[in-house]
Amino acid sequence: MAGIFAYALSPGFENNEGGYGELTWALETDKIDVSHSNRYIETNTTEHEGL
């Protein structure tokens, strides 16, 4: 059940380089905190032609 809730907040975490996070459920206050990070690789390409 917690996995469905977390996926609804950050869908697609399995794409690209993956992702990771933490779900904390404080039972005393019935509050849930979710922290999520996505991994990705960034590429910048520069081309020079006809110089």
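One distance of note links NE2 of H36 with OH of Y20; it measures 9.0 Å at 0.5 Å rounding.
When the shell of 6.0 Å around CD1 of I41 is examined, it contains 12 or fewer heavy atoms from other residues, nucleotides or ligands.
Here D33 pairs with nothing under the side-chain hydrogen bond (donor to acceptor under 3.5 Å, both in side chains) rule; sequence neighbours left out. Evaluation of the side-chain hydrogen bond (donor to acceptor under 3.5 Å, both in side chains) rule for E22 yields T24 as partners, not counting sequence neighbours.
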